[in-house]
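Side chains are part of it too, since the values below use all heavy atoms of this structure and drop only hydrogens, waters and symmetry mates. Here is the naming used below: chain letters follow the sequence lines, and residue numbers restart at 1 for every chain.
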Amino acid sequence: MSEETLKSHRPGDEVEVIGVRETRDPLIARRLMALGFVPGTKVKVLRRAPLGDPVEYALRGTRISLRGSESACIEVRSCL
Amino acid sequence: MSVKRIALVGSPNCGKTTLFNKLTGLRQHVAGYPGVTIEHVTGDVDLGDPEKRVELLDLPGTYSLSPISLDEQVALQALRGELDIPAPDGVIVVADATSLERSLPFVGEVLRQGLPSLLVVTMVDELKARGGALKLDLLARQLGVKAIGVVGNQGLGMDDLRDALMQVENWKCASKDTIPESELDRFVWSDELLKRALVKPDPNRGITDAVDKVVLHRVAGLVLFLVVMFLFFQVIFTVAAPLQEMLEGLVLSLGSVVGDAMSEGLLRSLIVDGIIAGVGGVVVFVPQIALLLLMISLLEGSGYMARAAFLIDRVMGWAGLEGRCFVALLSSYACAIPGIMATRSVPDNRSRLATIMVAPLMTCSARLPVYGLLIGAFVPATTVWGVFSLQGLTLFGLYLLGSLSALLAAVIFKRGALRGQTYPFYMELPPYRMPTVQVVGNYVWTGVKAFMRKAGTVILVSSVVLWALLSFPQVEPPADLDEGAARAYQIEHSAAASVGKAMEPVIKPLGFDWRIGVGLVASLAAREVIVATLAQLYAFTGDEEDLEGLGDRIRKAKGPDGAPAYTLAVALSLLVFFVYALQCISTLAVMRRETGSWKWPAVAFTYMLVLAWGMSFLTYRAALSFL
């Protein structure tokens, strides 16, 4: 079981989504999926805000920014 | 005549609002859903055919039909006809051609609702510019509904869209069998479909990405952010100010023209001193409000607002809010009214409400005449450390006090009265786009219209009530008094003075006497009214703009025991009172409109009044001890 989440990745990293944890809140998980964070999706970490949070991600032709508390729910695996 | 009701659905930033505005123009109105405090916007489409009426229902932009908030739930219920209004006759799903990879599953979800549907794909020009291509016919065939490509802000494809709206009865319903039910399956289905129908655009967003390298840069981005904020204010004070002065001049002229044309008496006083002065005093703020709404709309429409929210989100988070609340608070430095209106962009209802509750604490421009008068009259014109003007520092201190109090109040609201389920933060950063004239124009017009309606109704009533309080009971002033002194005499024996005198025990601990009490009562409607009221109370017949002259008069005013009625301590106490008290009926009225009831305006008024009294008391006591 992979413990790697999107939160742990830094700008420049490219990852693939494994799934979204429902443990924190099923509503948050549902919304993250609707935003495109579904298994198999390639996500690129673009940049952090000046104060560290939120972080901008590129996926499915869009740019979405998430705070650490949300990106910690997304399980990923690195692409090399 | 046939009336068709069509719902408009789509994700945020997909160009749905542009479409709605292009189709309905100024024929929009806001209505409430029965039984809930959430509003919806509907508009009539001009199809050039008097026999066919199409009413568009603009549902809020959303990423999915699975609601995570009350607003989204209400939207879904409206789509299904589960509220007391019937289900729409059809639905238009709007999707951005450049982000179909993300939005096509949502399109599928909407089509699965089984309503007669039409797919409108926007930004097809952008897709092409980025090397992408879309087989719209293939997509339409696979989805089982008609699809139209448009370029919203250029009006391309709008004729096809209007033609389609003429024939809603021919719209097809998508088959539930072709579109998967589960969200994850829908993404798989969508990816498969797009492999055949879409040539993906270059992920590099050209100008947008290049600009973002600077705009979102850790250092350059923040600097630029501060510059933009600074310019925001510069525009307000250099463009709106002359306009405002012009309007003030017009109101004064109107007052004197009417005054000269009428004979001396109660009616003339009512019209000139009550209605014209009262309503006019609020209407002069229209240029400022319009300008603020214009700038907010331009920042939002261009895409910069999302960048600003991204940069400042962490700081907003410390106050329990989020990045998008920033523009509301920033705007409130000039006027809380457009700021409160701007909170509609905040998806989390609790954060939105908290922002509305604290926005009036930000130092708005209506406080400046009061600050100017009191600081100018009582704070010594000396310098601190040879460089900083003490008066300037005091002003800055007041701004700081208001701002920090607002953030602290937001934290307290979010943890207390507004505590609840945490709403996730997610925000899309769309490509930079040219704001659409219709969307911006409509935003400004709707806002100004709403403000003027409030000014028209609420302020008119309160202006007349105030005038009556100051003018009754009528007394005959001694014959040897001049006009200014006579007016002062009248006020001293008016109902308002009785209220002021009755209030005195409550405000005495703050260092205020009954005359200031009258001023406070008068300024409940609008803050800057206290300047004019004090002028009248002290028989100051000079120009209202002559704050120095008025300040002089006030400084020399004596209390009942012969000692000065005003000291630095009293001035500071009064200043702090104005930092906190919600003395603006227009703001209360707009709060009511934005929150759907009088409950929240009442809460805001009360907590701020209590804060004003408490902080004013502390200030007065501290000033007495240390000064």
Discussion item. Given heavy-atom pairs under 4.5 angstrom as the criterion, report whether the side chain, backbone, both or neither of B:Ser66 touches chain A.
Written reply: both
Worksheet item: Is there a donor-acceptor pair closer than 3.5 Å between any side-chain N or O of B:Arg314 and the backbone N or O of A:Leu51?
Response: yes
Item to complete: Return yes if some donor-acceptor pair links the side-chain N/O of A:Ser65 with the main-chain N/O of B:Met427 below 3.5 Å, else return no.
Response: yes
Item to complete: Kindly determine whether A:Arg60 and B:Asp191 satisfy side chain to side chain contact (heavy atoms under 4.5 Å, CB included), including the steps that lead there.
Response: CA-CA 10 Å; A:Arg60 296 183 168 270; B:Asp191 288 343; 3.0 Å; yes
Fill in: Option in B:Glu322, B:Arg130, B:Arg205 with maximal non-hydrogen atom pairs under 4.5 Å from chain A
B:Arg205
Worksheet item: Considering only heavy atoms, which portion of B:Phe425 lies under 4.5 Å from any heavy atom of chain A: side chain, backbone, both, or neither?
Response: both
Item to complete: Determine whether the side chains of A:Arg31 and B:Tyr63 contain a donor N or O and an acceptor N or O closer than 3.5 Å.
Response: no
Fill in: Heavy-atom pairs under 4.5 Å with chain B, option from A:Arg47, A:Met33, A:Arg48 with the top count
A:Arg47
Practice prompt. Please state whether the side chain, the backbone, both or neither of B:Leu222 comes within less than 4.5 Å of a heavy atom of chain A.
Written response: side chain
Fill in: Residue, of A:Gly61, A:Pro50, A:Gly52, A:Pro26, that accumulates the most heavy atom pairs under 4.5 Å with chain B
A:Pro50
Fill in: Interchain contact, B:Glu183 with chain A, by part (heavy-atom threshold 4.5 Å)
side chain
Worksheet, complete the sentence: Honestly, the part of B:Asp96 sitting under 4.5 Å from a heavy atom of chain A is neither
Fill in: Contact leader toward chain A among B:Leu216, B:Val315, B:Leu311, where contacts are heavy-atom pairs under 4.5 Å
B:Leu216
Practice prompt. Answer yes or no: does atom CZ of B:Arg196 have more than 12 heavy-atom neighbours from other residues, nucleotides or ligands under 6.0 Å?
Written response: yes
Fill in: Which portion of B:Glu109 sits near chain A, non-hydrogen atoms under 4.5 angstrom
neither
Discussion item. For B:Leu429, is there any backbone N or O sitting under 3.5 Å from a side-chain donor or acceptor partner on A:Arg63?
Written reply: no
Worksheet, complete the sentence: Distance col, row A:Ile28:CD1 vs B:Ile68:CD1, nearest 0.5 angstrom, shows 7.5 Å
Fill in: chain B contacts, top residue of A:Asp53, A:Leu59, A:Leu66 (heavy-atom pairs, under 4.5 Å)
A:Asp53
Item to complete: Identify the heavy atoms of B:Arg102 and A:Leu35 that sit nearest to each other, and give their distance.
Response: CG-O, 3.2 Å
Worksheet item: In terms of heavy-atom proximity below 4.5 Å to chain A, should B:Pro105 be classed as side chain, backbone, both, or neither?
Response: neither
Response to the item:
Residues A:Leu27 and B:Pro67: closest non-hydrogen pair is CD2-O, 4.1 Å
Worksheet item: When only pairs under 4.5 Å are counted, which of B:Ala306, B:Gly132, B:Pro424, B:Pro430 shares the most heavy-atom pairs with chain A?
Response: B:Pro424
Worksheet item: Which atoms form the tightest heavy-atom contact between A:Asp25 and B:Thr422, and what is the distance?
Response: OD2-O, 4.3 Å
Worksheet item: Roughly how far apart are A:Thr41 OG1 and B:Phe187 CZ, rounded to 0.5 Å?
Response: 6.5 Å
Discussion item. Quick one, B:Phe310 and A:Glu56 - any side-chain contact, counting heavy atoms below 4.5 Å?
Written reply: yes
Worksheet item: Roughly how far, to the nearest 0.5 Å, is the CG atom of A:Leu32 from the OG atom of B:Ser64?
Response: 11.5 Å
